[in-house]
**Q** 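One structure coming up, written as structure tokens, with questions to follow.
The chains referred to below are lettered A, B, ... by the order of the sequence lines, with proteins before strands, and numbering in each begins at 1.
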2 protein chains.
Amino acid sequence: MADIRILIYEDNPSLREALCFMLESTGGFVVTGAYEDCTAILPQVKEHQPDVLLMDIDMPHLTGIEAVKLIKPKFPRVNILMLTVFDDDERVFEAIKSGATGYLLKKTPPARILEALREIYEGGAPMSPSIARKVILNLHTAPVHVEEIARLTARELEILQCLSEGKSSKMIADTCFISVDTVRTHIKRIYEKLQVHSATEAIAKYNKR
Amino acid sequence: MADIRILIYEDNPSLREALCFMLESTGGFVVTGAYEDCTAILPQVKEHQPDVLLMDIDMPHLTGIEAVKLIKPKFPRVNILMLTVFDDDERVFEAIKSGATGYLLKKTPPARILEALREIYEGGAPMSPSIARKVILNLHTAPVHVEEIARLTARELEILQCLSEGKSSKMIADTCFISVDTVRTHIKRIYEKLQVHSATEAIAKYNKR
DNA sequence: TGTAATATCCCCTGTTTTGGGGATTTTCTT
DNA sequence: AAGAAAATCCCCAAAACAGGGGATATTACA
């Protein structure tokens, strides 16, 4: 079987060298390039035709997440494995939504890194259970948001918009020329349809559409 | 293209008639109403659904500036073009700060008035260079939101972030490992610093950068 | 070292919101 | 013309929130 072609983006020189050395001295991998930033990532990926991108999430000039957003649309087949120092769920999740396939902590033992690279090459998605859970939850809820919001009537949308602008029920009653009770009725229906129990929750869902 | 709907407020009968006549006899405009004062302006605007308000700055009972302050919050999409006898920078500027979009001197030639109405309808802002300069200067000292948010502590920002994600005080207490009372104290400080009085308002300011 | 800022927790009071009813009118569709 | 959907208004009780106190511990800084 052909070697797995790896392209590395990591701004820390020591870690970059260490990764290169480790991969080159292990059978089954070939490091086609290793760079300190992503400024020229598009031509580089095009040139090296890597199977897997091993990419730091924190880099100068262009963050790993931004780089992922650049790469994925143009090279959808390339697998991207993110490297992070901290177990920052939010940013890792952001990276995955942008197109990364998996992630590892930098302190991960070398053997596990090699394993993850093979996993990702074979179609797996190395990640921690907490991230995995977020991904699942997102899959379940994300498409629903749109549907849920689509079920709102024009008036309900108008009032949800007002809520998201920070207006209270009274203020909405004023601007919409209806009574506070009517505003409350609309808000109740909005909560039902969006399956939430407070204005802030409704706004959060609305802003995720 | 549909006619531009104009609503006129001018206490001088001759000028009011003249404006009506001029606009009605020109293609592209329709005067939906013309009144001598602003005492019933809210229901009138609601009824006529005008694109542009042509409004004298000096009127009995309710001045044009006061009327603008009434109208803009309720009908933010309506454009207001002020009319003045004198080139009174201060009051024109006051009107613009209140929500007017442009202004004209009453001695302005009819052709220029028509032009200004079309400009304002298409998103422009007819005004003299001296007023324009004042507006620009005011913009430079404007972005208060950023400053306000910058005054929040790390903890407060964290909690504001939670609020914007739709979390209740209880849930925030849980995720931050502090008591509900502490969350409430932080929220109180956030409200003070952002000068708001509810979670939705705070979130609205926060989401505006 | 002492003061300011921050983070933490508690109490009390009044207001607002939420969730549960029900009811009427208007509008649209069939 | 009948029925469904939407928009309007009202009442009640419990929960949450907002605003006002006050208090303590830790950190930062001058």
Side-chain angles (χ1 to χ4, degrees), chain A residues 144-209, chain B residues 42-43 45-47 49 73-75 77 145-208:
Chain A
V144 180
H145 284 183
V146 185
E147 288 173 31
E148 286 172 345
I149 290 174
R151 293 176 52 205
L152 298 179
T153 68
R155 197 53 151 171
E156 286 160 0
L157 255 184
E158 190 184 345
I159 283 165
L160 181 51
Q161 175 62 37
C162 286
L163 280 179
S164 79
E165 286 165 9
K167 291 178 181 164
S168 65
S169 300
K170 270 184 195 167
M171 295 169 73
I172 297 174
D174 258 22
T175 58
C176 293
F177 300 102
I178 55 181
S179 83
V180 179
D181 281 291
T182 305
V183 175
R184 288 210 9 70
T185 304
H186 286 307
I187 290 178
K188 275 187 254 183
R189 301 232 177 294
I190 293 170
Y191 290 176
E192 275 174 25
K193 291 183 181 176
L194 301 193
Q195 300 176 69
V196 298
H197 309 278
S198 71
T200 53
E201 268 188 283
I203 293 168
K205 269 208 178 182
Y206 178 57
N207 286 332
K208 266 192 208 163
R209 80 221 171 277
Chain B
L42 275 173
V45 169
K46 186 176 157 70
E47 178 197 346
Q49 296 284 320
K74 299 221 180 216
F75 303 94
R77 294 171 314 286
H145 286 183
V146 185
E147 289 172 31
E148 286 173 345
I149 290 174
R151 292 175 52 206
L152 298 179
T153 68
R155 197 55 151 171
E156 285 159 2
L157 254 184
E158 190 184 346
I159 283 164
L160 181 51
Q161 174 63 35
C162 287
L163 281 178
S164 79
E165 287 165 8
K167 291 180 182 163
S168 66
S169 300
K170 268 185 197 169
M171 295 169 72
I172 296 175
D174 262 17
T175 58
C176 293
F177 300 103
I178 54 181
S179 83
V180 179
D181 280 291
T182 304
V183 174
R184 290 210 13 70
T185 304
H186 286 307
I187 290 177
K188 275 186 249 181
R189 302 233 177 293
I190 293 171
Y191 290 176
E192 276 174 23
K193 291 184 181 176
L194 300 193
Q195 300 177 73
V196 299
H197 308 278
S198 71
T200 54
E201 268 187 282
I203 293 168
K205 268 206 177 181
Y206 178 57
N207 285 333
K208 271 190 203 160

**Q** Ignoring hydrogens, what is the shortest heavy-atom contact between L194(A) and L160(A)? Give both atom names and the distance.
**A** CD1-CD2, 4.1 Å

**Q** Which atom pair, heavy atoms only, marks the closest approach of I187(B) to S169(B)?
**A** CD1-OG, 3.9 Å

**Q** Please name the pair of heavy atoms, one in A173(A) and one in S179(A), separated by the smallest distance, quoted to 0.1 Å.
**A** CB-C, 3.9 Å

**Q** Considering only heavy atoms of chain A and a distance under 4.0 Å, specify the first and last nucleotide of DNA chain D in 5' to 3' order that meet this criterion.
**A** dA6(D) to dC10(D)

**Q** Cut-off 3.5 Å, side chains only: do E201(B) and Y191(B) have a donor facing an acceptor?
**A** no

**Q** Identify the heavy atoms of E158(A) and C176(A) that sit nearest to each other, and give their distance.
**A** OE2-SG, 3.8 Å

**Q** For a quick test of reading the model, state the closest non-hydrogen atom pair linking T200(A) to K167(B) and the distance between them.
**A** OG1-O, 4.3 Å

**Q** Base, sugar-phosphate or nothing for S179(B)? Non-hydrogen atoms, less than 4.0 Å.
**A** sugar-phosphate

**Q** How does protein reach along nucleotides 13-27 of chain C, written 5' to 3' as B (base within reach of a heavy atom under 4.0 Å), S (only sugar-phosphate), or - (no contact)?
**A** ---SSBBBB------

**Q** Please state how far atom CZ in R155(B) lies from atom C1' in dT6(C), giving the value in whole angstrom units.
**A** 11 Å

**Q** For the residue pair G166(B) and S198(A), what are the closest heavy atoms and their distance?
**A** O-OG, 4.3 Å

**Q** Step by step, work out the side-chain contact (heavy atoms from CB on, under 4.5 Å) result for I172(B) and H186(B).
**A** CA-CA 11 Å; I172(B) 296 175; H186(B) 286 307; over 6 Å; no

**Q** Applying a 4.0 Å non-hydrogen cut-off, can you work out what T153(A) is touching in the nucleic acid: base, sugar-phosphate, or nothing?
**A** sugar-phosphate

